[in-house]
Amino acid sequence: MNTLEKLEILGGGTKWDACTPAQTKRQARGGDRIGAPYSAGVCRSFTPDGKCVSLLKVLQTNACIHDCKYCVHSTGCKIKKKAAFEPRELADLFMQMYVRNYVEGLFLSSGVCGSAGLAAEKMLETVSILREKYDYQGYMHLKIMPGAHPSDIRALAEHADRVSLNLEAPNKGAFSELCSTKDYHADILRRLSWINKIKTRGQVSSGITTQMVVGAAGETDLDYINTMETLYGDFGLKKTYFSAFDAVNGTPLENGKSIPLRRENFLYRIDWLLRFYHFSFDEVRGMLGENGMLPLNIDPKLSFALQNRDLFPVDVNLASFDELLRVPGLGLTGAQRILDLREKAKIKSADELTISVPSAKRALPFLFVNGKQTNLSVFA
Amino acid sequence: MQTTRPYQVKRVPAILRRGSMRMMQDSDFAFGHKIKAFQRFEFFPEMLLFSELKNQSEVSIADALRHFVHRFPTFVIAFYQWPFLWTASSRMDARFFLSREFASREKALEWLRKECREKIRERLDFSVEWSEKFYGTFFDSQFIEQRRNPALQKRLMPLFFLDKESPEYRSVQKHRRAVPNTTLGQFV
């Protein structure tokens, strides 16, 4: 099998893995290096499903001993063409793309071939060639295998800007339904806590991430929100990725029902409300319906505003930044612009506000401008 | 109350902070970004990265040279824009920053490769022979058929990528009439 065929199989093997390059605090060292870790790299291009491409996302091998029911690399998958990159081959392929300015970094994952240690060894050999032979100092995101040995995790984290370990399911019950060869607590959560300890020592400067499959085992949105609370609180995770379950041909769950993309999108919205809009987990749980699911016909932030009408409308001239962030239609930029605007002079009319902050048009029903409220139809 | 926005990248070009070229026009910044983010190189084992440009200002080329010399300090960076060849390097053994006229791209490249061979002893050879198909194959492999949404791709794709020779252009053309498999709204 030639390199092109391997790239097609092993590049395609990562298409369900979500990742984006992140800023890193690592500094470029020495004059004989190739690449630099700073953010200004190649502009992102987009595939026909809207996914951004700026890293070389690839598997070391797609051979895997685990039986995850949703996964195209699992032992239970009927359609499978096995392939593996030799470490030198993959390192050289990546460098060829990097120096030509096609990609701005590497995302390297792997199937668990034989054992987690063996998979980590191959990955480590590849990244060692890059970091030591070529003195490559650009961005690198490495996937940690479930059940990996602490020494392998330490070695991989030493080279990586960001590491991730996929949780796949929000709790042990759902995880056991999806996979019988991995242990949720021992192989995943314990490894995440080890990685967090490594991070607190100053390595992995771009943080730790994880990914969960949404709805493969009938989990509710409440399960995901509870898990996010644990992940951000106890494990110091930077970001959680979600992937709505797709019933892929050949996998044991090929006859399952695919999950609407809107559900994945709404979980991302919740994630943003938690990380950037200073919502608490209790506030977010309040947006869920009785069945523990987010209503898919209304934006979560609007749903929060309609449930808490006593908090609105807020006065644009007096509200704090956090209060403005809770207004549907206003984002971080819009709220900041309002603060900047009223520093110069009091905002006297809705027109004055919407000229400077166009996004405030949608927020008007939730705002008092100079003692007046406009467009009250939303409260009807 | 001021707040930080951790998701945003501060886009103040380094060249502006130096204060020497404050009069540079906005268009030059855009062209500078175009070279840095979209221009692809040809790689030569003589530690040479070469690229051909069209309609760029001198200021944006200088900005891009500075950017790539910092990113690839072991390489000689060269841009050819008829009739000028612009080169820069931070290597001690091949330290040049020049613009010189050549009648064609081939002549410029021939002269430059000869210069690099004479000045630089080091060579960088990869075990994998480069093929133009590599990037296109990788790009196509990332697409999930079940989530096809050509309108989203068209909306997000930077126009600079849509050069007729690029895999991005071929991808947009191939899928432009396709019906989306999934959209956010269809389930409601």
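Naming convention: chains lettered A, B, ... in sequence-line order (proteins, then strands); numbering from 1 in each chain. Please read all numbers here as calculations on a predicted model, not as lab measurements.
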Nearest 0.5 angstrom please: [X] [atom1] to [Y] [atom2], how far?
X      : Y      : atom1 : atom2 : result
A/K51  : B/L152 : NZ    : CG    : 11.5 Å
B/S51  : A/R100 : OG    : CZ    : 11.5 Å
B/S131 : A/Q96  : OG    : CD    : 10.0 Å

Self-check item: Atom CD of B/E118 with >12 non-hydrogen neighbours under 6.0 angstrom
Solution: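 Counting other residues, nucleotides and ligands, CD of B/E118 exceeds 12 neighbours.
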Quiz item: Just wondering, more than 12 heavy atoms not from B/K114 lying within 6.0 Å of its NZ?
Solution: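 Count not over threshold, so no.
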Exercise. Among B/F43, B/F139, B/Y135, B/F138, find the residue that satisfies the ring-ring contact (aromatic ring centres under 6.0 Å, His included) test when tested with A/Y102.
Key: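 Exactly one pass, corresponding to B/Y135.
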Which portion of [X] sits near chain B, non-hydrogen atoms under 4.5 angstrom:
X      : answer
A/A244 : both
A/D246 : side chain
A/I9   : neither
A/F266 : neither
A/Q137 : neither

Practice problem: Assess the pair A/F94 and B/F126: is the distance between their ring centroids shorter than 6.0 Å? | Solution: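 No - the distance between ring centres of A/F94 and B/F126 does not fall below the 6.0 Å cut-off.
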Self-check item: Side-chain (A/E8) to main-chain (B/T137) donor-acceptor, under 3.5 angstrom
Solution: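 No.
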Practice problem: Quick one: list whatever passes side chain to side chain donor-acceptor pair (under 3.5 Å) with A/R162, sequence neighbours left out. | Solution: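 By the side chain to side chain donor-acceptor pair (under 3.5 Å) rule, A/R162 matches no residue at all.
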Exercise. Can you sort out the partners of A/N255 under side-chain contact (heavy atoms from CB on, under 4.5 Å), two or more places apart, ordered by chain and number?
Key: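 A/N255: no side-chain contact (heavy atoms from CB on, under 4.5 Å) contacts found.
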Closest heavy-atom contact between [X] and [Y]?
X      : Y      : result
B/R147 : A/D49  : O-CB, 3.3 Å
A/L7   : B/S141 : O-OG, 4.4 Å
B/Q146 : A/V248 : NE2-CG2, 4.0 Å
A/L4   : B/F134 : CD1-CD2, 3.4 Å
A/N101 : B/F68  : ND2-CZ, 3.5 Å

So which part of [X] gets closer than 4.5 Å to some heavy atom of chain A, the side chain, the backbone, both or neither?
X      : answer
B/L156 : both
B/S90  : neither
B/E145 : neither

Quiz item: With chain A, which of B/H175, B/R40, B/K154 has the greatest number of heavy-atom pairs at distances under 4.5 Å?
Solution: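 Option with the greatest count: B/R40.
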Please determine, among [options], the option with the most heavy-atom pairs under 4.5 Å with chain B.
options                    : result
A/G11, A/C43, A/A36, A/G35 : A/C43
A/G138, A/G13, A/P48       : A/P48
A/T3, A/V99, A/D32         : A/V99
A/S45, A/G50, A/C52, A/S54 : A/S45

Should [X] and [Y] count as side-chain neighbours, where that means a heavy-atom distance under 4.5 Å?
X      : Y      : answer
B/P73  : A/R33  : yes
B/L124 : A/I34  : yes
B/I144 : A/W16  : yes
A/F46  : B/E168 : no

Self-check item: Short side-chain donor-acceptor distance under 3.5 Å, B/Q142 and A/K57
Solution: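 A/K57 vs B/Q142: donor-acceptor pair found between side chains.
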